[in-house]
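Notes follow once the structure below has been shown.
Computation of the quantities below employed the complete heavy-atom set of this structure, encompassing side-chain atoms and omitting hydrogens, waters and symmetry-equivalent molecules.
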Amino acid sequence: MPAAPHGCSNDTSLPMCYEESAGPLAMIIIPCLLALSTVLVVALIFYSLHKNKQRRQSTSAHFTNGQQSVSLAAASVSAPKVQAALYPWEMPEECVLEGLEFWQTGRHGPICKGLLKKRDGAPSAVVVKSLRDGPNQPEAKEFVEWVLFHATVCKHENVVRMLYCQTKRLPMYLVLDAYSPGNLLHFLWTLRNNSNITDQSLTFSETSVFLVAKQVAAGLDYLMSQHRLVHGDVAARNILIGPGLSARVSGLDVAFGGRRTDPPIRQRAAEVPLKWQAPERIMMQLSIDRSDVWSFGILLYELITLGSPPYPELEPLSVLPKLQGSYRMKRPQNCGGPLYDMMKYCWMWSFKDRPAFSAIIKLLESSQHLAATKDICVPEAIDIFEYNRKAGLLS
């Protein structure tokens, strides 16, 4: 048997001999494969770097002046229309918010009080309602729609005044005129036991009730006649009082929610204290303009009693059964006959029998000369906890 070739042992002869016999071909193929794999690896690296760069550019496009930008296209189905509608309201560069202090938590996020400072004017008090940090698309979309809602309806002297907004970048917020003294309910509480008050701007009579009520009715009439909008939460806590007892309707969150079809939003819109709700709303969740008229009658009671809770002798759940039995609140102290007649007119069981706000305005005007001019005096101070309990505001 011939000897094996030099360098090829019996157990390794096949691979070694194959390599030896195919040596020139291997010298060509192996370097080519190595070069090809290197090219592929380099290409993959460059592709990965390119994709990362695109992602960084896409992300950086959402930042303006160091703040994350919020695309209105993601916040609204009709982004171009929203942009066009809100463009005049966007906060100008010459305006600055200063001294912001947390006030309370709103539906969309924190609500702050502060000052709006312009280059060529004195600072003015404002309320800033902002979107909470880390918004997802549904929250941002709802907030932008909520801002647009204010821009659309806040165009009457007796409706809360929108000043500016910021929707193109975070933080997103809505700036409203704070109006001073501010919250009507709190203002009424300060008037109690007014024997020690020397400030004439803090005096309040039955004539004052007519003055404020006419303005509130005008604001509500505007919302209904111009926007087919039911306020849904008419109460002293949702009215702003300003210089000379000027009044503005505010608290439009329920009105906004009532126009939406989203179940969670409609559920929040229904969360109105029972003692301010009309019977049809309590029983059937039917909210119409004449439901606001019922609540307006409760507001008249709040005004003439300097902020007393309605139905103080009843528990919230017992109000509807009593109303079904023709029960109505008694005529308050300091309340004249015409004003009490207006309350009872607003509290007609059938909403069809209640007056429209346009008629209420005329009735108030025709009866105002009969109102007493003597300052209303309610000596009892308000205990907040007791008020919330009687008003049914405790959760």
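Taking the six-membered ring for Trp and the full ring otherwise, the centers of Trp146 and Phe149 sit at least 6.0 Å from each other. Taking the six-membered ring for Trp and the full ring otherwise, Tyr387 and Trp189 have centroids separated by under 6.0 Å.
Atoms CG and CG, on Asp253 and Asn238 in that order, are 8.5 Å from each other to the nearest 0.5 Å. For the atom pair CD (Gln333) and CD1 (Ile376), the distance works out to 10.0 Å, reported to the nearest 0.5 Å. A distance of 13.5 Å separates CG of Leu300 from NZ of Lys344, quoted to the nearest 0.5 Å. Taking CD1 of Ile111 as the reference point, atom CD of Glu101 lies at 15.0 Å (rounded to 0.5 Å). The line from CZ of Phe357 to CG of Leu220 is 4.5 Å long, rounded to the nearest 0.5 Å. Summarising the geometry, atom CD1 belonging to Ile298 is positioned 11.5 Å from atom CG belonging to Leu303; distances are rounded to the nearest 0.5 Å.
Contact of the Trp294 side chain with the Arg281 side chain is not registered, since no non-hydrogen atoms from C-beta on lie closer than 4.5 Å. Using a 4.5 Å heavy-atom cutoff, the side chains of Lys118 and Cys95 are in contact. Residues His108 and Lys129 fail the side-chain proximity criterion, which asks for heavy atoms closer than 4.5 Å. In this structure, the side chains of Pro310 and Met329 come closer than 4.5 Å at one or more pairs of heavy atoms. Between Ser250 and Ile239, every side-chain heavy-atom pair lies at or beyond the 4.5 Å cut-off. Proximity of Val209 to Phe204: side-chain heavy atoms (C-beta onward) are separated by under 4.5 Å at one or more points. No side-chain heavy atom of Thr305 sits less than 4.5 Å from a side-chain heavy atom of Val378. Taking the side chain as every heavy atom from C-beta outward, Pro243 and Tyr179 approach each other to under 4.5 Å.
Between Ala217 and Ile361, the shortest heavy-atom distance links the atoms CB-CG1, 3.7 Å. In this structure, Ala84 and Pro88 approach most closely via the heavy-atom pair O-CD, 3.5 Å. Of all non-hydrogen atoms in Ser130 and Pro110, the two that sit nearest each other are OG-O, 3.0 Å. In this structure, Ser287 and Ser291 approach most closely via the heavy-atom pair CA-OG, 3.9 Å. Of all non-hydrogen atoms in Leu148 and Ala85, the two that sit nearest each other are CD1-CB, 3.4 Å. Residues Val230 and Asp289 come closest through the heavy atom pair CG2-N, 3.7 Å.
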* Asked: Can Glu206 and Thr373 be said to form a side chain to side chain donor-acceptor pair (under 3.5 Å), step by step?
  -> CA-CA 6 Å; Glu206 189 183 20; Thr373 57; over 6 Å; no

* Yes or no on side chain to side chain contact (heavy atoms under 4.5 Å, CB included) for Leu274 and Leu317, after CA distance, side-chain angles and deciding distance? -> CA-CA 8 Å; Leu274 286 174; Leu317 292 179; 3.8 Å; yes

* Asked: Would Tyr173 and Thr167 satisfy side chain to side chain donor-acceptor pair (under 3.5 Å), going step by step from the backbone distance to the final call?
  -> CA-CA 7 Å; Tyr173 56 76; Thr167 60; over 6 Å; no

* To do: Could you walk me through whether Phe256 and His150 pass side chain to side chain contact (heavy atoms under 4.5 Å, CB included), step by step?
  => CA-CA 9 Å; Phe256 169 72; His150 279 74; 6.0 Å; no

* **Residues Met162, Val175; criterion side chain to side chain contact (heavy atoms under 4.5 Å, CB included); working and verdict** => CA-CA 6 Å; Met162 174 179 170; Val175 182; over 6 Å; no

* Asked: Could you walk me through whether Leu363 and Asp341 pass the side chain to side chain contact (heavy atoms under 4.5 Å, CB included) check?
  -> CA-CA 10 Å; Leu363 289 171; Asp341 288 341; over 6 Å; no

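Ile360 and Tyr345 fall within the same hydrophobic cluster, where Ile, Leu, Val, Met, Phe, Trp and Tyr residues are linked whenever their side-chain heavy atoms come under 4.5 Å apart, directly or through other members. Both Val153 and Val249 are assigned to one and the same hydrophobic cluster, defined by single-linkage of ILVMFWY side chains at heavy-atom distances under 4.5 Å. A continuous path of Ile, Leu, Val, Met, Phe, Trp and Tyr side chains, each step under 4.5 Å between heavy atoms, connects Leu393 with Ile384, placing both in one hydrophobic cluster. Hydrophobic clustering (side-chain heavy atoms under 4.5 Å, transitive across Ile, Leu, Val, Met, Phe, Trp, Tyr) groups Met91 together with Val126. Residues Leu320 and Ile288 share a single hydrophobic cluster, defined by chaining ILVMFWY side chains whose heavy atoms lie under 4.5 Å apart.
A donor-acceptor contact closer than 3.5 angstrom is absent between the side chains of Gln277 and Ser295. In summary, the side chains of Ser318 and Tyr311 do not present any donor paired with an acceptor at a separation below 3.5 Å, with no hydrogens or angles considered.
In this structure a side-chain-to-backbone donor-acceptor pair under 3.5 Å is missing from Ser367 to Leu364. The closest donor-acceptor contact from the side chain of Asp353 to the backbone of Met348 lies at 3.5 Å or more, if one exists at all. In this structure, the side chain of Lys275 engages the main chain of Leu314 through a donor-acceptor pair within 3.5 Å. Distance alone, capped at 3.5 Å, places no donor-acceptor pair between the Arg328 side chain and the Met343 backbone. Under a 3.5 Å cut-off, the side chain of Gln215 and the backbone N or O of Ala247 do form a donor-acceptor pair. For Gln166 (side chain) and Pro171 (main-chain N/O), a donor-acceptor pair under 3.5 Å exists by modelled atom type.
Screening Val272, Leu252, Asp292 for a side chain to side chain contact (heavy atoms under 4.5 Å, CB included) involving Asp233 leaves a single residue, Val272. Between Ser308 and the choices Glu302, Arg192, Glu380, Lys390, the side-chain hydrogen bond (donor to acceptor under 3.5 Å, both in side chains) rule is met once, by Arg192.
Sorted by first then second residue, the ring pair (Phe, Tyr, Trp, His ring centres under 6.0 Å) pairs that include residues 313-342, not counting sequence neighbours, number zero. Applying the side chain to side chain donor-acceptor pair (under 3.5 Å) test to every pair with at least one member in residues 221-231, sequence neighbours left out, gives these pairs: Tyr222-His227.
In summary, Glu386 and Arg389 engage in a salt bridge, as defined by a charged side-chain N under 4.0 Å from a carboxylate O. Under the 4.0 Å criterion applied to side-chain N and carboxylate O atoms, Arg107 and Glu142 are assigned as salt-bridge partners.
Counting heavy-atom neighbours within 6.0 Å of Glu315 CD, excluding the residue itself, gives a total of 12 or less. Glu94 CD: more than 12 foreign heavy atoms inside a 6.0 Å radius. Counting non-hydrogen atoms of other residues, nucleotides and ligands closer than 6.0 Å to OH of Tyr87 gives a total of 12 or fewer. Atom CD of Gln104 sits in a crowded spot, with more than 12 heavy atoms from other residues, nucleotides or ligands closer than 6.0 Å. Counting non-hydrogen atoms of other residues, nucleotides and ligands closer than 6.0 Å to CD of Glu313 gives a total above 12. Around the CZ atom of Arg161, the shell of radius 6.0 Å holds no more than 12 heavy atoms that belong to other residues, nucleotides or ligands.
Partners of Arg290 under the salt bridge (Lys or Arg N to Asp or Glu O under 4.0 Å) rule, at least two apart in sequence or in another chain, do not exist in this structure.
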